[in-house]
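As the structure is a prediction and not an experimental result, all values here were calculated from the model. Residue numbers begin at 1 in each chain, while the letters A, B, ... track the order of the sequences. Values below: all heavy atoms of this structure, side chains included; hydrogens, waters and symmetry mates excluded.
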Number of protein chains: 2
Amino acid sequence: MNIGAAAERSNLPPKTIRYYEEIKLVKPARAQNGYRDYCDADIHRLRFLQRSRSLGFSIEECRTLLSLYEDENRASSDVKALALEKITEIDRKVEELQGLRNTLHALAENCHGNDKPDCPIINDLAGKI
Amino acid sequence: MNIGAAAERSNLPPKTIRYYEEIKLVKPARAQNGYRDYCDADIHRLRFLQRSRSLGFSIEECRTLLSLYEDENRASSDVKALALEKITEIDRKVEELQGLRNTLHALAENCHGNDKPDCPIINDLAGKI
DNA sequence: CTTGACCTTCCAGTGACTGGAACCCTCATG
DNA sequence: CATGAGGGTTCCAGTCACTGGAAGGTCAAG
């Protein structure tokens with residue numbers, strides 16, 4: 001299967017698939033004309049990568065997950081630990097974003113939003129409190 | 001004032017300050033020995049940048065905010081619009097992260113987390129439903 | 001005069017792609 | 001048989017916002 005078909009089946013752009021090969025996440029065979037030739041297992045790996053990336057795992061985490069995916073002797077606790085770690089990380093990000101949001105919201109609330117230059121948002125950014 | 005002092009006063013690392021000069025966000029004078037020489041207005045700009053960056057504005061947004069900051073004829077509505085846009089953007093990010101979080105949480109809930117290989121998280125990533 | 005802290009420039013790397021140029025392969029059509 | 005479309009290939013550069021490090025210049029203190 002050529003890269004175009006693999007892209008369609010994995011829901012990843014060809015460029016990304018080549019990149020994943022460059023960083024050794026997939027190792028497709030080559031046809032005689034030099035084209036990459038993806039087998040079913042390759043497609044499974046690509047789909048796995050697409051899903052885990054879209055769930056917010058970094059490339060290195062995906063590499064770990066992929067090795068667990070292909071390890072018949074894996075312990076599900078290892079996978080669960082990664083997932084829980086990621087959840088904690090997401091929670092931290094959400095909290096930080098909500099802090100920013102609240103600050104911005106409070107500033108915007110106090111801003112008249114008219115054609116005059118006086119602006120509490122600018123004042124805050126400038127450190128004038 | 002040398003870059004070290006400017007860094008201390010603006011709460012930005014010297015490397016970052018040099019980078020901000022490279023992308024033309026600040027234009028400090030130069031002393032005879034070639035050292036950068038920051039005046040009070042430069043420090044204000046740097047502090048402004050530090051604060052707006054830490055509130056989640058991109059460099060280009062900071063550039064806009066900075067030009068508003070220094071525009072005596074600005075309309076506060078322009079600043080408010082930027083802030084509200086950023087709030088919407090943050091809300092979108094938070095929602096997306098919470099979606100991921102919930103998905104991961106649901107998967108982790110169903111995972112025994114023991115030494116057996118059977119794992120709903122891996123199954124989901126592999127597309128086995 | 002030397003030491004050490006500070007400053008300078010320039011180059012390279014980060015993460016995860018993405019765009020583009022220049023070129024090759026294959027197949028259908030005129 | 002030439003040609004054009006629509007694949008594929010490699011390699012280089014760019015993104016964003018820094019950050020690290022090397023090689024060297026400057027300055028104040030001891």
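Going from atom CD1 of Ile23(A) over to atom C1' of dG15(C) covers 9 Å, rounded to whole Å. Summarising the geometry, the separation between CG on Leu25(A) and P on dA16(C) is reported as 10 Å, rounded to the nearest angstrom. Rounded to an integer number of Å, the gap from Glu22(B) CD to dC16(D) P is 14 Å. Atom-to-atom, CG of Leu46(B) to P of dA17(D) comes out at 17 Å; the value is rounded to the nearest Å. One atom, CD of Glu21(B), and another, P of dA17(D), lie 18 Å apart when rounded to the nearest Å. Regarding Arg30(A), its CZ atom lies at a distance of 13 Å from the C1' atom of dC24(C), rounded to whole Å. Between Ile17(A) atom CD1 and dT9(D) atom C1' the separation is 15 Å, expressed in whole Å. A straight line from OH of Tyr35(A) to P of dG8(D) spans 7 Å, rounded to a whole angstrom.
Salt bridge Asp91(B)/Arg101(A): present, at least one basic N to carboxylate O contact under 4.0 Å. Taking the charged nitrogens against the carboxylate oxygens, Arg92(B) and Glu89(B) have no contact shorter than 4.0 Å, which rules out a salt bridge. Between Arg18(A) and Glu21(A) there is no salt bridge, since no side-chain nitrogen of the basic residue lies less than 4.0 Å from a carboxylate oxygen of the acidic one.
Scanning both residues, Ser52(A) and Cys62(A), for their nearest heavy atoms gives OG-SG, 3.5 Å.
The phosphate of dT19(D) (OP1 or OP2) has a side-chain N or O of Thr16(B) nearer than 4.0 angstrom. Arg36(A) has no side-chain polar atom (N or O) that falls below the 4.0 Å cut-off from OP1 or OP2 of dG7(D). Side-chain N/O atoms of Asn33(B) include none lying less than 4.0 angstrom from OP1 or OP2 on dC7(C).
Across dC7(C), dT9(D), dA16(C), the shortest atom-to-atom separation from the side chain of Asn2(B) is found for dC7(C).
Note on Ile3(A): only backbone sugar-phosphate atoms sit closer than 4.0 angstrom, heavy atoms only; bases stay farther off. Within the 4.0 angstrom heavy-atom criterion, base atoms lie near Arg18(B). Across all strands, Pro13(B) comes closer than 4.0 Å only to sugar-phosphate atoms, never to a base (heavy-atom distances).
In the hydrophobic cluster analysis, where Ile, Leu, Val, Met, Phe, Trp and Tyr join through side-chain heavy atoms closer than 4.5 angstrom, Phe57(B) is grouped together with Val94(B).
Contact annotation: side chain of Tyr19(A) to base of dG15(C), donor-acceptor pair absent below 3.5 Å.
Positionally, the nearest nucleotide of DNA chain D for Tyr20(B) lies more toward the 5' end than for the other of Lys15(B) and Tyr20(B).
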